[in-house]
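Input: a single structure, listed below in structure tokens.
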Amino acid sequence: MRLAYYDNAQVWYCEHDKIVCSNEEVLADGTHEKCGNPVVKRNLKQWMLRIPHYAERLLAGLETVEWPEGIKDMQKNWIGKSTGAEVDFQVDGHDKIIRVFTTRPDTLFGATYMVLAPEHELVNQITTEDKKEDVASYKRKAALKSDLDRTDLAKEKTGEFTGSYAINPVNGEKIPIWVADYVLMGYGTGAIMAVPSNDMRDFEFATEFNIPIKPILDPDEADEETRARVVKGEECWEEDGVFINSSSSFGGLDINGLKKQDGISKTVAWLEEKGLGTEMINYKMRDWLFSRQRYWGEPFPVIHWEDGEIEVMDDHALPLELPKLANYTPGDNGESPLANAGDWLSVTDAKGRKGRRETNTMPQWAGSCWYYLRFTDARNDDEPFSKEAEHYWMPVDQYIGGAEHAVLHLLYSRFWHKVLYDLGIVSTDEPFTRLFNQGMILAFAYESATGAKVASDLVKEKDGKYFHSQTGEELKQIVAKMSKSLKNVINPDDVVKNYGADSLRLYEMFMGPLEATKPWTELGVKGVFGFLGRAYRFFTELKNIHQDEEDPGITKSLHQTIKKAQQDIEGLHFNTAISQMMIFTNNCIKKGKVNKQSATTFARVLAPFAPHLAEEIWSIHGEPPTIANQPFPEYNEEYLKEDVFEYPVSFNGKLRFKLELPLSMPEDEIRQQVLDHESAAKWLNGGEPKKIIVVKGRIINIVI
RNA sequence: GCCCGGAUGGUGGAAUUGGUAGACACGCUGGACUUAAAAUCCAGUGGCCAGUGAUGGCCGUGUGGGUUCAAGUCCCACUCCGGGUACCA
């Protein structure tokens, strides 16, 4: 199967600017964001990629990668797999067939009408004479509606009867065929069977247009009142239940008394046997429109010959580079600026045949889908990347990026990578093994009581409250994205100038979990700046440093620090790794002295976080450059062993006192020790304990 | 509407996945140093109550229930906030 094809696609076109607009540029009222003039739909020949062909593989691959579940869910929803059946309905009095997709073939008995999308090709053919005008007018209106109008605002259902009827294949009943824009041409077959008793949208439509609602399901698990209403067809029920009114001698199908799953299997088997339908899987994901009408972007290496042949250029003729243009204005009829590139545009082959180059260019995805592969071998002039480099580096062990890429970049590049894998160009099926979504760093901003945002340079602080420096109005401090208009942008260069690069880096890691969205505070930077200063002073001042054997408490704390930092780095919990380093430093400062060996070992733990300062400590101790080449220290489990534990002793779950006991003490003895403790009597209050729970090295709980 | 997150002191956040809630840091209070300020150092700091005092008690992880010897952590219902999505048959 060819993965790319060239065909008509609908695009938004602004006749004022004479350009094709992206969806985001089209406002809800159907006008162009930039110029305010209305946009129209227009057909343009475009390159499309058949990404749904990879839908199953894209779903299956999600099970093999370590990604946040939320992102996986978003991709699954985007792919939107649904299993159901395609069913054929005969149009009464025509030799036409309307094919529909449904996830609920079991509800065929409840189908009381059908709906075609306004763009459906059968609409004109089956509309009766007396309805032609109304239907044509409805189609025009639907075509003018923007996508948003058609979806968001159109809670009120609209539609028009075509005058024709279809035959319900399960019972031979004639059901009216309507046209309505709540059915989309781009999904399924662009036509549906409507079951108002069991589909909310159909229920609303049927109510609006007085179409019969035929109950076919008894919701046996619902409350009595709901059940009664549903069985009378007064309420819509989308959950499971027991089928009623679902048999007919017309086709011989009977699913009365069955529940949803059995109803589906039996109906599908019946449809397949009669040749009226088949089981079918549908995806929400559509073909991917890959053409853009812009100058910037990779040009398609394609020539359109005068005889109609569309030729893809040979590899050896690549790369096809963009021509230098004096004028970047769009070509006619929404064509890209390349349509103006005279010399570049026209080609003649050896036989004198004339051709024109493709003027569309590729979207930025063409680069972002595989840039990580180029990164493995960026200076390779002969090929995109060597097999060796790809094999060595791929797949990406840890990909860090924002959650906003969840369904576009991260899905497109997975698709791209799988295609390359199938072509034998890359050696793995998935590009990114682990994915991590870092949070955004925000900043404080200020707003008035009316919600108006106030730029930070107009804000005065007094006693923890904030005021407008001109109006004196009291302001509320809020957290918002950094923006020029709010004047709350933090320039990293300034932070580096005032506090140093190590402080900037350390603060960003210390301010909270990597995935959290959190506001920048200058006081926070001061905090880590202070820590770095304390550490630097303590570990470099000669009076603090000794060569004797290290104090066991300090050794223990050092090894705890190595262990915690190592584990936290692996888990990307940098904030807690840093707090452990602060604890170690505080311990040393309290002790007042430290062994030289401990000081340089600590410098090696600190080095990945604050490389400059760690290097200073390292070199002041006469160690050879550079600490960057030193391995991360290893901890020794021996030093971390505990032989006593201070047990928290609680009565009925309430902590009452603490008791230090050897960890080796058997449970029976612990029980005795606890009961003999002077404070125990007070809480036992003369009574006998019901139960004493001892969790070794954790807790003691006495139930009274 | 649906899907995905989240809610812990004055603030940013810890909490070995059911076992001492508030680590670490900011801020604040008091003290030392200083002519003074900054910087630095020391001590205290969840709330309420009792006591001159060491100390002791009660309450506390958005709300209301539940499971458990034990709940920030698990279950049920809900509130609020953030992000995504939109008639997908």
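These numbers were taken from a predicted model, which means no experiment stands behind them. Lettering follows sequence order; numbering is per chain, from 1.
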Kindly point out which of B/rA89, B/rC59, B/rC69 is positioned nearest to the side chain of A/Thr103? B/rA89
Where do A/Asp88 and A/Arg99 land on the salt bridge (Lys or Arg N to Asp or Glu O under 4.0 Å) test, with the steps shown first? CA-CA 4 Å; A/Asp88 288 342; A/Arg99 176 165 292 185; 2.8 Å; yes
Between A/Arg671 and A/Glu667, is a salt bridge (Lys or Arg N to Asp or Glu O under 4.0 Å) present by the stated rule, with each step listed? CA-CA 6 Å; A/Arg671 287 199 176 83; A/Glu667 282 190 24; 3.6 Å; yes
I'd like to check the ring pair (Phe, Tyr, Trp, His ring centres under 6.0 Å) partners of A/Phe538; sequence neighbours left out, ordered by chain and number. none
Can A/Lys556 be said to sit on top of A/Tyr639's aromatic six-ring, NZ or CZ under 6.0 Å from centre and within 45° of the ring axis? no
Figure out the CG/P separation between A/Asn498 and B/rA39, and round it to whole Å. 14 Å
Ranges pairing with ranges for RNA chain B, where each run has three or more Watson-Crick or G-U pairs under 3.5 Å: B:1-7 with B:79-85, B:10-12 with B:24-26, B:27-32 with B:40-45, B:46-50 with B:55-59, B:62-66 with B:74-78
Would you mind listing every side-chain hydrogen bond (donor to acceptor under 3.5 Å, both in side chains) that reaches into residues 694-704 of chain A, with sequence neighbours excluded? A/Ser650-A/Asn701
Select base, sugar-phosphate, or nothing to describe what A/Pro513 touches, counting heavy atoms under 4.0 Å on all strands. sugar-phosphate
So what does A/Arg286 touch, heavy atoms closer than 4.0 Å: a base, only the sugar-phosphate, or nothing? base
OP1 or OP2 of B/rC3 sitting under 4.0 Å from any side-chain N/O of A/Lys284? no
A/Glu508: which residues meet the salt bridge (charged side-chain N to carboxylate O under 4.0 Å, His left out) condition with it, sequence neighbours left out? none
Is the closest side-chain heavy-atom distance between A/Val674 and A/Ile692 below 4.5 Å? no
Salt bridge A/Lys260-A/Glu239, side-chain N to carboxylate O under 4.0 Å: no
Name the pairs: protein N/O against N/O of nucleotides 18-28 of chain B, kept only if under 3.5 Å.
| unit_1 | atom_1 | unit_2 | atom_2 | d |
| --- | --- | --- | --- | --- |
| B/rU20 | O2 | A/Lys658 | NZ | 2.6 |
| B/rA25 | OP1 | A/Asn586 | ND2 | 3.0 |

Does B/rG72 adopt a syn or an anti glycosidic conformation, taking syn as a chi angle within 90° of 0? anti
Residues of residues 75-89 of chain A with a heavy atom under 4.0 Å from any atom of RNA chain B, listed by number, are A/Asn77, A/Ser82
A/His120 NE2 to B/rA89 P: how many Å, rounded? 17 Å
Regarding A/Lys696, tell me which of base, sugar-phosphate or nothing describes its non-hydrogen contacts under 4.0 Å with the strands shown. nothing
Counting side-chain heavy atoms from CB outward, which of B/rC69, B/rG12, B/rA89 is closest to A/Lys518? B/rG12
Atom-pair distance (CD on A/Glu279; P on B/rA89), nearest Å: 15 Å
Ignoring hydrogens and angles, are the base of B/rC69 and the side chain of A/Lys690 linked by a donor-acceptor pair under 3.5 Å? no
For A/Tyr399 together with A/Trp67, are the ring centres under 6.0 Å from each other? no
